[in-house]
There are 2 protein chains.
Amino acid sequence: MARKKKILLVEDDEMLTANLAEKLRADGYNVDAALDGETGWEKARSDSYDLIVLDIMLPGLDGISLCRFIRNLPEAAYVPIIMLTARGTEHDRIQGLETGADDYIVKPFSLGEFLSRVRAQMRRPSPNRSLNRDELASGDLRLDLTARRVFKRDSEVKLTNKEFTLLAVFMRNKQAVLSRDFLIANVWGEDYLIGESDKRTVDVHIRWLREKIEDNPSRPKRISTVRGVGYRFEG
Amino acid sequence: MARKKKILLVEDDEMLTANLAEKLRADGYNVDAALDGETGWEKARSDSYDLIVLDIMLPGLDGISLCRFIRNLPEAAYVPIIMLTARGTEHDRIQGLETGADDYIVKPFSLGEFLSRVRAQMRRPSPNRSLNRDELASGDLRLDLTARRVFKRDSEVKLTNKEFTLLAVFMRNKQAVLSRDFLIANVWGEDYLIGESDKRTVDVHIRWLREKIEDNPSRPKRISTVRGVGYRFEG
DNA sequence: TAGGTTTTTCCCAATTCCTTAAACTTGATT
DNA sequence: AATCAAGTTTAAGGAATTGGGAAAAACCTA
């Protein structure tokens, strides 16, 4: 039989938490609760959930920041998140959804409504399971080719288009020395006509990339240069 | 029919090992399991695998060290390695990822996810397979054309671009006496114009090369001089 | 279209590498 | 052993390559 789905509830109103938890358990879910933001963060990062319910107003770490943190965890980036808030103002709402919540419930709400939203999220064929995701990983770098996102250690690194493709080419050719010509052909395209002088643009992109993925950009460990030949991505 | 791909599984949780092995076998792989680091090491060095799955936390020899050892085996240096790590143990995790694993999976994970990551590694036709790597070896010298690296008795020797191509030319023409003209044509390029007198530059490069690859540079054993003709690389 | 981001170009400084020249060593030949 | 041709070694200048700053150009997006 299928494993029970696990839900994390982060809400500071104990009464409400108890009610919601009870309702969810009655519906067959496995529920974990946290009464403040920090505890919620601890749980979110150390266990894996199928859904996270976050109150926006929380003591300590607020729901919006927490949501953002969670979205930056490579392993939890795609967990569905439902936000709860007392205020239904346009502003909060937009902010909430922009940080990547999947749904938004305005207090007060009925248990019935709550449950049906939860079920909706569970039904949704979320991109959560990395089953069909096309990924490349190496060391503590992981890159999701489907979503074009890159994670270093535990947090997301924002790369531009060229940087991303460049990195992908490197990761598909670990350990190999790649010439500028090869990189241009594979990142810019075979047909990219280029004068000898413009190969320097490769160097510049390498620099931007190093800036973002190296721990110490001036002493690059991941992408090393092979003088006179090109660059090499170390495993 | 193609040979079954062989996977080595090093994980101390017997239950988990059994599950993973079963799943992998059902998917057509040949699975070998080890319940501790030492056994894993024995197997890794005495047999050849297409993929190795390592838990980080292991009794005795831990996964991180094991991974490092494997990466130092010349014949297994490029086997894809997937690490299994427990969530939350920030420190171990980061360390592990730097030793050159090709992917990592955070526990708890689903069997489906596990399998898809295994398949991803197997699918990869990258230079990770030692089979596809372009290598030249002779005695205790090994030179990896793809990565442009040279190893002398398992430790890397840093060569400059010219030195590297020079050595490659020698190793492709073992035992043959190569004239300076031949070397210039093959290392510097056919079109390299040079005054008769300046063939000395070849000698100078030979000298740097000897400095780096000979045990005793003043009594060269690998590259010997054939007076009046050129140089010869001894097997 | 304005404003921000991404991509490309350009230039200079730092560095590494290559060449050249010259002194020195070795080996062959007589 | 003396001589000469060929090879070796060292050091110094010069060439080539890369890194970093900055800004123009192209590209988006609101």
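Keep in mind that the numbers below use all heavy atoms, side chains included, and drop hydrogens, waters and symmetry copies. Letters A, B, ... mirror the listed sequences (proteins, then strands); counts begin at 1.
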- request: Can you label the angle between the B/Phe170 ring and the B/Tyr231 ring as parallel, tilted or perpendicular, going by 30° and 60°?
  value: perpendicular

task: Could you check whether the rings of A/Phe109 and A/Phe114 sit parallel, tilted or perpendicular, using 30° and 60° as the cut-offs?
output: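 Because their plane-to-plane angle is under 30°, the rings of A/Phe109 and A/Phe114 count as parallel.
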
Short side-chain N/O contact from [X] to OP1 or OP2 of [N], under 4.0 Å:
{"X": "A/Arg180", "N": "D/dT17", "answer": "no"}
{"X": "B/Tyr231", "N": "D/dT8", "answer": "yes"}
{"X": "B/Thr160", "N": "C/dC18", "answer": "yes"}

query: Is the cationic atom of A/Arg142 (NZ for Lys, CZ for Arg) positioned less than 6.0 Å from the six-membered ring centroid of A/Phe151 and within 45 degrees of its normal?
result: no

field: A/Lys6 to A/Tyr49 six-membered ring, cation-pi geometry met (6.0 Å, 45°)
entry: yes

In whole Å, what is the span from the [atom1] atom of [X] to the [atom2] atom of [N]?
{"X": "B/Ile206", "N": "D/dT8", "atom1": "CD1", "atom2": "P", "value": "8 Å"}
{"X": "A/Arg219", "N": "C/dT15", "atom1": "CZ", "atom2": "C1'", "value": "12 Å"}
{"X": "A/Lys158", "N": "C/dG4", "atom1": "NZ", "atom2": "P", "value": "20 Å"}
{"X": "A/Leu166", "N": "C/dT7", "atom1": "CG", "atom2": "P", "value": "11 Å"}
{"X": "A/Lys162", "N": "C/dT5", "atom1": "NZ", "atom2": "P", "value": "18 Å"}
{"X": "A/Arg210", "N": "D/dG19", "atom1": "CZ", "atom2": "C1'", "value": "9 Å"}
{"X": "A/Asp198", "N": "D/dT17", "atom1": "CG", "atom2": "P", "value": "16 Å"}
{"X": "B/Leu183", "N": "D/dG7", "atom1": "CG", "atom2": "P", "value": "12 Å"}

task: Please test B/Glu135 against B/Leu143 for side chain to side chain contact (heavy atoms under 4.5 Å, CB included), starting from the C-alpha separation and ending with a verdict.
output: CA-CA 6 Å; B/Glu135 290 202 346; B/Leu143 136 179; over 6 Å; no

Any donor-acceptor N/O pair, [X] side chain to [Y] backbone, under 3.5 Å:
{"X": "B/Glu163", "Y": "B/Trp208", "value": "no"}
{"X": "A/Asn186", "Y": "A/Phe182", "value": "yes"}
{"X": "A/Glu214", "Y": "A/Ile223", "value": "yes"}

Given [options], the nucleotide with the shortest approach to the side chain of [X]:
{"X": "B/Asp203", "options": "D/dG7, D/dG20, C/dT7", "value": "D/dG7"}
{"X": "A/Thr225", "options": "D/dT18, D/dG7, C/dT19", "value": "D/dT18"}
{"X": "B/Thr201", "options": "C/dT20, C/dT8, D/dG7", "value": "C/dT20"}

task: Apply side chain to side chain contact (heavy atoms under 4.5 Å, CB included) to B/Lys212 and B/Val150, showing your working.
output: CA-CA 10 Å; B/Lys212 295 179 182 179; B/Val150 181; over 6 Å; no

message: Between B/Thr146 and A/Gln175, does the side-chain hydrogen bond (donor to acceptor under 3.5 Å, both in side chains) criterion hold? Intermediate values first, please.
response: CA-CA 8 Å; B/Thr146 311; A/Gln175 293 279 346; over 6 Å; no

field: 4.5 Å side-chain heavy-atom contact, A/His205 and A/Thr165
entry: no

task: Might you work through the side chain to side chain contact (heavy atoms under 4.5 Å, CB included) test for A/Gln121 and A/Ile82, ending with a clear yes or no?
output: CA-CA 8 Å; A/Gln121 288 304 323; A/Ile82 297 180; 3.8 Å; yes

Reading 5' to 3' through nucleotides 22-27 of chain C, protein heavy-atom contacts under 4.0 Å coded B for base, S for sugar-phosphate only, - for none: ----BB

message: So A/Phe164, base contact, sugar-phosphate only, or nothing? Heavy-atom distance under 4.0 Å.
response: nothing

message: For the helix from C/dT1-D/dA30 to C/dT30-D/dA1, what angle separates the axis at the start from the axis at the finish, each from five pairs, in steps of 10°?
response: 30°

N/O to N/O distances under 3.5 Å, protein versus nucleotides 10-13 of chain D:
from: D/dT10; atom 1: OP2; to: B/Arg207; atom 2: NH2; distance (Å): 2.3

